[in-house]
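Scroll down for the structure; my scribbles are underneath it.
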Amino acid sequence: MAERTFGQIPGYPEGTTFDSRAELSEAGVHRPLMAGISGNARDGADSIVLSGGYEDDKDLGDEIVYTGHGGRDPRTGVQVSDQALRGGNLALAKSSLEGLPVRVIRGSRHASPYSPESGYRYDGLYTVDDYWHDVGRSGFLIWRFRLLKVPTVPSAAERVGEGRADYSAAPRRETTVLRVVRDTRQAREIKALYDYRCQVCGTRLEGPAGPYAEAAHIRPLGAPHDGPDTPDNTLCLCPNHHALFDHGGLVIEEDLTMTGAEGRLTVHPRHRISNEHLRYRREHYRAPEEEPRPAARTTT
DNA sequence: GGGCCCGCAGGG
DNA sequence: CCCTGCGGGCCC
């Protein structure tokens, strides 16, 4: 078994097309012949294929919301039970935690303006920006992974000796920056209100240029969550608790007690926090009930 | 080795 | 078009 390779495969630049899954596998661009996700729980996911069939997928080009696997009838492809954070799904979550690049391949059967006319096409590297669970069209629990394109910069080797005509001939999509700028005026005001102390642990980080804290959104900004950039959707957190919150390891209950941290969330009298947004976060990011958390890996 | 999976070809 | 049988590679 060849070792798993993350990032671009030498000899197969972005835009390379393949006739079949067998060719993709042979090239090492996406090794499994049928599965959509290549990877494991330990190392993360190195590639995925969008080939249609998953009704909850969203493809906006530079942003993809990819559906995890599992819970489908193998014959019909119909979702008949809940998905779990296992196998390839866990691999993609691992890639998110580690910030690993995922090769994305689109197939012609995937209904999207970004799909190739025929066969499969390697479309570059993406990062797994976020993952959460949702109720899919089928009514069953699905895991969802937001992938964002890593902007492609031509390497020095590619630039050297490259004629202008060649450059203009290369098909390049315009890259849309989808990230919302997070530190708005209201975010700064919330941080000032708490004097840069974490609402979870009270930590105040002080550097020579001043204090540092992060504004965390409770209901995430951007589709499909569409949380607002408003004070009632913003928390002032230290980097550790921000990361823990984003990855579902810190849950704020309705009474402001916390799962994953001691005590109760500190809330300033002049800071109203939306219960609705807190509920949204719990519903989509907390580990599902029947989902046993994977055993933590210890480094020895 | 078992079970899973965003194939694929072939036939109706 | 839809359905069926037969799959290879890989994770666990």
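Order of the sequence lines sets the chain letters (A, B, ...), proteins ahead of strands, with each chain counted from 1. The figures that follow rest on heavy atoms only: side chains count, while hydrogens, waters and symmetry mates do not.
- Remark: A:Arg21 is not in phosphate contact with C:dG8, judged by side-chain N or O atoms under 4.0 Å from OP1 or OP2.
- In terms of position along DNA chain C, the nucleotide closest to A:Ser25 lies nearer the 5' end than the nucleotide closest to the other residue of the pair A:Gly88 and A:Ser25.
- Between the CG atom of A:Asp43 and the C1' atom of C:dC10 there is a distance of 13 Å, rounded to whole Å.
- At the heavy-atom level, A:Gly70 lies under 4.0 Å from the strands shown only through sugar-phosphate atoms.
- Checked by atom type, the side-chain pair A:Asp226/A:Tyr280 shows no donor-acceptor distance below 3.5 Å.
- The nucleotide whose nearest atom lies closest to any side-chain atom of A:Tyr54 is, among B:dC6, C:dT4, C:dG8, B:dC6.
- Taking atom CG of A:Leu33 as the reference point, atom P of B:dC6 lies 13 Å away to the nearest angstrom.
- Considering only side-chain atoms of A:Thr67, the nucleotide from B:dC6, C:dC10, C:dG5 that sits closest is B:dC6.
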Evaluate the salt bridge (charged side-chain N to carboxylate O under 4.0 Å, His left out) criterion for residues A:Glu63 and A:Arg146: first the C-alpha distance (whole Å), next the side-chain angles of each, then the deciding distance (0.1 Å), finally the verdict.
CA-CA 7 Å; A:Glu63 178 183 5; A:Arg146 183 203 312 285; 2.5 Å; yes

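- When rounded to the nearest whole Å, the span between CD of A:Glu23 and C1' of B:dG7 equals 14 Å.
- Using modelled atom types and a 3.5 Å distance limit, the side chains of A:Gln186 and A:Thr230 yield no donor-acceptor pair.
- C:dG8 is paired with B:dC5 under the criterion used here, namely a Watson-Crick or G-U wobble arrangement in which both key atom distances are under 3.5 Å.
- If you check every strand for non-hydrogen atoms under 4.0 Å, A:Gly87 touches sugar and phosphate atoms only.
- Distances from the side chain of A:Arg109 to the nucleotides C:dC10, B:dG7, B:dC6 place B:dG7 closest.
- Atom CG of A:Leu24 and atom P of C:dG9 are 14 Å apart (whole Å).
- The separation between A:Ile37 atom CD1 and B:dC6 atom C1' is 9 Å, rounded to whole Å.
- For the OP1/OP2 pair of B:dG7 and a distance below 4.0 Å, the side-chain nitrogens and oxygens of A:Tyr120 include at least one atom meeting the criterion.
- Rounded to whole Å, the distance from CD on A:Glu26 to P on B:dG7 is 18 Å.
- Atom P of nucleotide B:dG3 and atom CZ of A:Arg86 are separated by 14 Å, given to the nearest angstrom.
- Looking at A:Asn40, its side chain has no donor and acceptor atom pair within 3.5 Å of the base of C:dC12.
- In this structure, A:Tyr194 and A:His271 have perpendicular ring planes: the angle between them is above 60°, well past the 30° mark.
- A:Asn233 and A:Ser274 share no side-chain donor-acceptor pair at under 3.5 Å.
- In this model, the phosphate group of B:dG7 is approached by a side-chain N or O of A:Ser51 to a distance below 4.0 Å at OP1 or OP2.
- For A:Val49, the side-chain atoms get nearest to B:dG7 when compared with the rest of C:dC12, B:dC5, B:dG7.
- Between A:Tyr131 and A:Trp143, the ring planes are tilted. Angles from 30° to 60° get that label.
- Here the nucleotide nearest the side chain of A:Arg75, chosen from C:dC11, C:dT4, C:dC12, is C:dT4.
- Where A:Ala35 and A:Ala22 each meet DNA chain B at their nearest nucleotide, the meeting point lying more 5' is that of A:Ala35.
- For A:Asn89 and C:dC12, the CG to C1' distance is 15 Å, given to the nearest whole Å.
- Residue-level contact check: A:Gly39 touches the backbone only, with heavy atoms under 4.0 Å from sugar-phosphate atoms and none from bases.
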